[in-house]
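Have a look at the structure below, then the notes.
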Amino acid sequence: MRRRWMMVGVVLAVVVAAPAVWVLALQGGGDVELAAAEIFIEINDTDGDAGIQIFMDGEGWNKMTVTDPNGTEHLVLEATSGIGAQGLTEFFFESAEPSFDVQPLSELLDRFPEGKYTYTGETVDGDVISGAAELTHDIPAAPVVSPADGAEVEGPVVIGWEEVTEPAGIEIVRYQVIVELEEPLQVFQIDMPPDARSVTVPAEWIEPGTDYVFEVLAKEASGNQIITEHEFSTAE
């Protein structure tokens, strides 16, 4: 259901968890810092699956490698042709999210160890561009949400959730609510502060006698996040 990021018309050579396939050819005079670098785990508690997500943003670059604390290269990117000359700025992806029956969460955590992940690349001007992000295994419990799954709702549609406080030491920095009408596709999305416990969906956005899917996402201070997903229908 999640459609929070989109990239169109970008041609990239991508190698995941592979040896380095290029060497930086330094032509410029200085180093450049990425404006943002993130790596985090996302779990869909309702579907019972999990994956890894990586984001980076910075001055136009065309090569980038992401390396874990043990020196293992997990991602090698090289933009070619026109995109290589133009340069990338924002880049985001979600990994595949096999069910826990296929890949238990423990296997994902073993594959992506905790610690500092380094980002090292090259700008279109030949400078080194770099950054770092910390990955933890601090994963919050799933939000308990309302309406109940499959409920029929009358009157203003209020999406609610209980405060996420477990496991001990977890710090929720925000909640995100997404409500989706699948045909035709319409998405209502809002970020809420950590002390919020509900949000009212605008009445102008809701149609009677219609089925909706919604999710409440709890984001931990580390960046890791977990989703509870339900469906509801509106009364005629």
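Note: hydrogens, waters and symmetry copies are ignored here, and every other heavy atom, side chains too, is used.
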When you compare the side chain of [Y] with that of [X], does any pair of heavy atoms fall below 4.5 Å?
X	Y	answer
L77	L88	no
L109	I41	yes
V144	T228	no

Reported [atom1]-to-[atom2] distance for the pair [X] and [Y], which is rounded to 0.5 angstrom:
X	Y	atom1	atom2	answer
E114	S222	CD	OG	9.0 Å
I227	D45	CD1	CG	10.0 Å
F40	T136	CZ	OG1	12.0 Å
Q53	N224	CD	CG	10.0 Å
F214	Q189	CZ	CD	15.0 Å

- Message: Keeping D68 on the side-chain end and Y117 on the backbone end, is there a donor-acceptor pair under 3.5 Å?
- Response: no
- Item | Sidechain-backbone polar pair: T210 side chain, T234 backbone, donor-acceptor under 3.5 Å | no
- Query: What residues form a side-chain hydrogen bond (donor to acceptor under 3.5 Å, both in side chains) with T67, not counting sequence neighbours?
  - Reply: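 Once residues adjacent in sequence are excluded, T67 has no partner under the side-chain hydrogen bond (donor to acceptor under 3.5 Å, both in side chains) criterion.
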- Message: Could you walk me through whether Y212 and W205 satisfy the side chain to side chain contact (heavy atoms under 4.5 Å, CB included) test, starting with their C-alpha distance in whole Å, then the side-chain angles of each, then the deciding distance to 0.1 Å, before giving a yes or no?
- Response: CA-CA 11 Å; Y212 294 88; W205 197 83; 3.6 Å; yes
